Amino acid sequence: SKPGANAMSPPRDWRSASSPTKTRTHGKFEMSGHGFHVHGPHDHELEHAQQGGHGGHGESGGMINQIAMFTAIIATVGAIFGYMGGATQANAGIYKNNAAIKKTEASNQWNYFQSKSTKQSLAEMSRDLAPGEAEKAKYQAKVDRYEKEKNEIKLAAEKLEADATAWDKQSDEQMHQHHRWAQSTTVLQVSIAMAAIALLTKKKWLEIAMFVAGGAGVLVGAAAALHF
């Protein structure tokens, strides 16, 4: 016999290719032709992420995109409304200052009117006490001149008072509009805060409240633009 013919042959590897393969994910063992493998829960999530995600994750991604787009739009609109609120507040102050100037000018005109009235009264008294007709005529001419000047001054004072009233009205309108812009900006800021909370909590009702608050802010801004 040949040497080594009766020698023991090496034991056959039990992990052969013909061995049955058993797999079980989610944290349990997998037996294959190459040995044992352990699959954790994260492997399952990675598989779904590579395949585009499951339904819940797709819905969450859509919600995030909606909130991000909504926040960008509302922030832009809020910035415009904030600028308009500041502009109307500045205009209200300017118009109120113009009204004060016109009132001061009207007061000066009324004081001038009063001085002319006093001079007219003195001229009338001098006319009545004058001994001759020539003196009476001279003072009567002064009375007539003062009367004419008083009427001109009165018209100027009344016009200034009307201008002051108009400036006051415009100032009040601008201030009312400023309050509307401020209200709309505040509501939009609340909407953006709701968007941040909805993004963190993934609550659908917060997303709906965010849209409602944003729409309300835009409506109040439209009312401000239309002077309502």
Side-chain angles (χ1 to χ4, degrees), residues 41-108 157-228:
H42 65 283
D43 296 317
H44 176 69
E45 297 297 332
L46 288 175
E47 288 178 9
H48 281 280
Q50 292 173 353
Q51 295 174 3
H54 50 75
H57 282 221
E59 182 180 356
S60 175
M63 178 182 179
I64 292 173
N65 292 336
Q66 285 183 354
I67 293 176
M69 182 64 67
F70 175 82
T71 303
I73 295 173
I74 291 300
T76 303
V77 175
I80 296 172
F81 287 0
Y83 167 78
M84 294 302 297
T88 50
Q89 186 179 24
N91 289 339
I94 293 172
Y95 296 162
K96 185 65 71 175
N97 185 62
N98 291 343
I101 292 173
K102 293 298 181 180
K103 288 178 181 178
T104 302
E105 292 177 355
S107 177
N108 292 337
E158 289 175 347
K159 183 180 182 302
L160 289 170
E161 286 184 338
D163 291 343
T165 302
W167 284 118
D168 271 332
K169 183 178 180 181
Q170 292 185 56
S171 177
D172 292 340
E173 290 174 353
Q174 288 290 304
M175 186 55 66
H176 174 73
Q177 200 174 9
H178 163 71
H179 288 313
R180 282 283 183 263
W181 288 122
Q183 290 166 0
S184 64
T185 303
T186 301
V187 176
L188 291 180
Q189 289 175 347
V190 171
S191 175
I192 292 174
M194 287 183 175
I197 299 174
L199 191 62
L200 292 174
T201 61
K202 305 295 189 297
K203 299 293 184 181
K204 189 66 179 178
W205 68 269
L206 275 174
E207 184 182 5
I208 295 173
M210 169 195 75
F211 285 119
V212 172
V218 172
L219 288 177
V220 176
L226 297 174
H227 300 273
F228 283 161

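Computed from a predicted model, the values in this text were never measured in an experiment.
Residues in residues 210-228 take part in no salt bridge (Lys or Arg N to Asp or Glu O under 4.0 Å) pair, two or more places apart or across chains. Applying the side-chain hydrogen bond (donor to acceptor under 3.5 Å, both in side chains) test to residues at least two apart or on different chains, the pairs with a partner in residues 182-194 are Arg180-Gln183. Residue pairs that meet the ring pair (Phe, Tyr, Trp, His ring centres under 6.0 Å) test with at least one member in residues 166-189, sequence neighbours left out, are Phe81-Trp181, Tyr95-Trp167.
Evaluation of the side chain to side chain contact (heavy atoms under 4.5 Å, CB included) rule for Asn108 yields Thr104, Asn111 as partners, not counting sequence neighbours. Residues passing the side chain to side chain contact (heavy atoms under 4.5 Å, CB included) test with Lys159, sequence neighbours excluded: Asp163. Remark: Leu219 pairs with no residue by the side chain to side chain contact (heavy atoms under 4.5 Å, CB included) rule, at least two apart or across chains. Every residue two or more places apart in sequence or in another chain that forms a side-chain hydrogen bond (donor to acceptor under 3.5 Å, both in side chains) with Glu207 is listed here: Lys204. A search for side chain to side chain contact (heavy atoms under 4.5 Å, CB included) contacts involving Glu161 returns Ala106, Trp110, not counting sequence neighbours. When the salt bridge (charged side-chain N to carboxylate O under 4.0 Å, His left out) test is applied to Asp168, the partners found at least two apart in sequence or on another chain are Lys96, Lys103.
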Per-pair distances, 0.1 Å, donor-acceptor, side chain in residues 68-78, under 3.5 Å, sequence neighbours excluded:
residue: Thr71; atom: OG1; partner: Ile67; partner atom: O; Å: 2.7
residue: Thr76; atom: OG1; partner: Ala72; partner atom: O; Å: 2.9

Identify all side-chain donor-acceptor contacts of residues 86-93 below 3.5 Å with residues at least two apart in sequence or on another chain.
residue: Thr88; atom: OG1; partner: Met84; partner atom: O; Å: 2.9
residue: Thr88; atom: OG1; partner: Gly85; partner atom: O; Å: 2.9
residue: Asn91; atom: ND2; partner: Ala87; partner atom: O; Å: 3.3
residue: Asn91; atom: ND2; partner: Gln174; partner atom: OE1; Å: 3.3

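Partner Met194 forms a side chain to side chain contact (heavy atoms under 4.5 Å, CB included) with one of Ile197, Val190, Ile192 and no other, that one being Val190.
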